[in-house]
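Sequence lines set the chain letters: A, B, ... in the order given, protein chains first and strands last, and positions in each chain run from 1. Please read these numbers as outputs of a predicted model, since none were measured by experiment. Heavy-atom basis, side chains included; hydrogens, waters and symmetry copies ignored.
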2 protein chains.
Amino acid sequence: MNPALPLRILVADDHFIVRSGLVALIDSEPGMKVVAQGADGAQAVTLYAEHQPDVAILDIRMPGKSGTEAAEAIRQVFPNARILMLTAYNGDEDIHRALRAGAAGYILKTSTGDDLIPAIRAVAGGLRWIPYDVAGRLAARRQYETLTAREIDVLRLIAKGRANKEIAAALAISENTVKDHLKSILGKLHASARTEAVTAAVQRGIIEL
Amino acid sequence: MNPALPLRILVADDHFIVRSGLVALIDSEPGMKVVAQGADGAQAVTLYAEHQPDVAILDIRMPGKSGTEAAEAIRQVFPNARILMLTAYNGDEDIHRALRAGAAGYILKTSTGDDLIPAIRAVAGGLRWIPYDVAGRLAARRQYETLTAREIDVLRLIAKGRANKEIAAALAISENTVKDHLKSILGKLHASARTEAVTAAVQRGIIEL
DNA sequence: GAACGCATCCCCCTTTCGGGTGGTGCCGTC
DNA sequence: GACGGCACCACCCGAAAGGGGGATGCGTTC
């Protein structure tokens with residue numbers, strides 16, 4: 001990477017105002033500039049392939065394809081993609097998801113330019129950027145298994161308040177099978193009741209409300 | 001208000017990046033400029049009194065004193081304060097709280113400059129500014145009664161997946177009473193099961209996950 | 001003081017849920 | 001071909017949920 005050339009950056013966030021803030025902060029910094037902007041994960045993937053920037057800054061929560069999904073999609077095609085995940089929340093789940101999806105670092109939306117710019121440079125240089133206060137929490141984080149497509153189908157209907165019998169009718173399967181999927185969901189999410197499963201899944205970004 | 005003088009604007013948002021975006025968008029617009037920035041509701045109140053801007057743009061959700069609380073505090077001292085509420089979410093509950101707190105307008109963080117600038121001018125001119133889709137929802141909005149404080153206590157524990165018996169123990173009341181509150185919650189939110197009540201309440205901004 | 005909302009408690013009942021055990025067929029991996 | 005994961009189905013059973021009913025006390029509002 002030639003230090004004489006400015007860092008080329010892609011930003012993706014569903015909030016136009018946030019994108020404007022990022023652009024303002026980045027473009028006013030010598031040696032880096034925003035070359036593309038997207039409003040959701042799907043756009044981020046397309047724009048990444050088109051511009052192949054040095055760093056992609058993705059909001060972790062976006063409508064449609066989320067930042068994590070976009071990161072996974074990008075890194076399937078460009079395994080060396082350097083991704084900096086942006087989030088409004090400081091929850092462990094978001095952070096872990098970001099890193100698992102292949103992000104090299106993450107920053108909070110509360111970050112000032114004094115934090116954002118070094119983070120971008122670090123990620124561009126192939127380093128990781130993880131805020132100190134949560135680096136330790138990550139290791140002790142509780143693991144959970146991934147849900148299958150069918151389990152997520154069931155979970156979405158559970159979130160709508162549907163009873164097992166109604167879910168069975170909607171998916172054209174037996175109520176026993178719905179219960180089977182539910183058992184599996186409860187086990188994987190370490191939940192003891194359907195309501196807890198739904199809130200846990202929402203917090204982890206598995207489903208949306 | 002003299003049209004020759006630029007509109008003086010206060011922005012308050014806990015996300016530095018969002019503040020930067022607002023400043024960039026506003027200051028690049030002729031006839032308006034940001035005169036003060038705050039990171040929470042308390043700062044917004046102090047800065048408002050200090051600068052007495054033409055328009056205050058407040059994030060509805062901030063740590064400590066929220067945007068709605070700040071708006072109420074400001075309008076107690078300055079009843080003619082023109083407040084534009086900013087939010088990432090468009091839950092009905094947020095919108096109602098904002099308008100009830102005395103906000104003249106309401107914009108989403110997804111808004112572009114083409115939406116933000118007219119909103120500021122409208123509010124500065126003493127008009128209301130409600131996004132079209134929000135206005136429609138407000139009119140056609142499914143009416144639901146407000147929950148009591150105790151019902152929200154119960155609902156929060158339900159959202160955590162607690163059983164009625166556990167909730168009774170946590171709140172030091174009888175399980176029958178918990179069931180009574182739940183019955184009331186289900187009726188008020190037009191839900192048929194506790195899980196649906198939780199998702200409906202989250203979507204309306206009554207509780208958070 | 002009557003009416004009302006709120007919080008509290010109690011009973012009843014039926015349905016649903018959650019957890020256990022068992023099985024089949026399919027598909028991909030080792 | 002054996003193994004594991006997945007989707008599917010079945011049965012049992014105790015616990016939990018939810019939908020009725022009625023009741024008390026305590027404030028506030030009319």
Side-chain angles (χ1 to χ4, degrees), chain A residues 69 72 76 100 142-204 206-207 209, chain B residues 93 96-97 100 142-204 206-207 209:
Chain A
E69 290 172 312
E72 284 166 3
Q76 269 198 334
R100 200 178 47 197
R142 194 168 178 191
Q143 286 286 14
Y144 67 91
E145 302 162 75
T146 55
L147 301 187
T148 68
R150 203 54 164 164
E151 285 162 359
I152 291 177
D153 289 342
V154 171
L155 189 54
R156 274 195 236 276
L157 290 168
I158 289 175
K160 289 187 178 176
R162 303 282 157 73
N164 293 342
K165 195 177 291 183
E166 295 173 314
I167 296 169
L171 298 180
I173 55 177
S174 144
E175 187 185 346
N176 291 309
T177 304
V178 173
K179 289 177 134 190
D180 259 4
H181 288 309
L182 175 56
K183 287 174 197 171
S184 177
I185 291 167
L186 293 176
K188 286 182 177 179
L189 297 181
H190 308 113
S192 62
R194 54 175 57 231
T195 306
E196 187 183 3
V198 168
T199 54
V202 170
Q203 286 171 339
R204 286 165 186 171
I206 298 169
I207 60 171
L209 289 186
Chain B
E93 189 74 8
H96 262 73
R97 277 207 293 261
R100 209 165 39 221
R142 179 101 175 264
Q143 278 297 343
Y144 66 91
E145 302 159 77
T146 55
L147 301 187
T148 68
R150 203 54 163 164
E151 285 162 359
I152 291 177
D153 289 342
V154 172
L155 189 54
R156 273 195 237 278
L157 290 169
I158 289 176
K160 288 187 178 176
R162 302 288 205 282
N164 292 343
K165 194 177 290 183
E166 295 172 315
I167 296 170
L171 297 180
I173 56 178
S174 145
E175 186 185 346
N176 291 309
T177 305
V178 174
K179 289 179 137 192
D180 265 0
H181 287 309
L182 176 56
K183 287 174 196 171
S184 176
I185 292 167
L186 293 176
K188 287 182 177 179
L189 298 181
H190 309 111
S192 62
R194 65 216 278 117
T195 307
E196 187 182 1
V198 168
T199 54
V202 170
Q203 285 172 338
R204 287 169 183 165
I206 298 169
I207 61 170
L209 289 186

Can you list the steps and then say if K165(B) with V178(B) is a side chain to side chain contact (heavy atoms under 4.5 Å, CB included)? CA-CA 8 Å; K165(B) 194 177 290 183; V178(B) 174; over 6 Å; no
What verdict does the side-chain hydrogen bond (donor to acceptor under 3.5 Å, both in side chains) test give for S192(A) and E196(A), after you've listed the backbone C-alpha separation in whole Å, the side-chain angles of each residue and the deciding distance to 0.1 Å? CA-CA 7 Å; S192(A) 62; E196(A) 187 183 3; 3.2 Å; yes
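Formation of a donor-acceptor pair under 3.5 Å by the K179(B) side chain with backbone atoms of N164(B) is not found in this model. T199(A) places a side-chain N or O within donor-acceptor distance of the main-chain N or O of A159(B), the cut-off being under 3.5 Å. E151(A) places a side-chain N or O within 3.5 Å of a backbone atom of T148(A) that can act as its donor or acceptor partner.
The two residues L209(A) and L209(B) come nearest to each other via the heavy atoms CD1-CD1, 4.4 Å. When all heavy atoms of A197(A) and A191(A) are compared, the closest pair comes out as N-CB, 3.7 Å.
One can place CD1 of I185(A) at 14 Å from C1' of dC17(C), the figure rounded to the nearest angstrom. To the nearest angstrom, C1' of dG14(D) lies 11 Å from NZ of K165(B). The interatomic distance linking E166(B) (CD) with dA15(D) (P) rounds to 15 Å, in whole Å. A straight line from CG of L186(B) to C1' of dG20(D) spans 14 Å, rounded to a whole angstrom. Taking atom CD of E196(B) as the reference point, atom C1' of dA17(D) lies 15 Å away to the nearest angstrom. If you measure from atom CD1 of I167(B) to atom C1' of dA7(C), you get 16 Å, rounded to the nearest angstrom. In this structure, the CZ atom of R194(A) is 15 Å from the P atom of dA16(D), given to the nearest Å.
Within residues 172-184 of chain A, the residues approached by DNA chain D to less than 4.0 Å at the level of any non-hydrogen atom are I173(A), S174(A), N176(A), T177(A), D180(A), H181(A), in residue-number order. For DNA chain D, none of the residues of residues 148-162 of chain B falls under the heavy-atom distance limit of 4.0 Å.
Residues satisfying the side-chain contact (heavy atoms from CB on, under 4.5 Å) test with D180(A), not counting sequence neighbours, are K183(A). For R162(A), there are no salt bridge (charged side-chain N to carboxylate O under 4.0 Å, His left out) partners, not counting sequence neighbours.
Side-chain contact between E166(B) and L157(B) is absent, with no heavy-atom pair separated by less than 4.5 Å. Between R194(B) and L182(B) there is a side-chain heavy-atom pair separated by less than 4.5 Å. Side-chain contact between I206(B) and L189(B) is present, with at least one heavy-atom pair separated by less than 4.5 Å.
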At under 4.0 Å between heavy atoms, how does the protein contact nucleotides 24-30 of chain D? Give one character per nucleotide, 5' to 3', with B, S or -. -------
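Atom CD of Q76(A) has 12 or fewer heavy atoms from other residues, nucleotides or ligands within 6.0 Å.
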Report, one pair per line, the protein and nucleotides 27-30 of chain C atoms (nitrogen or oxygen only) whose separation is under 3.5 Å.
none

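Distances shorter than 4.0 Å separate some side-chain N or O of N164(B) from OP1 or OP2 on dA17(D).
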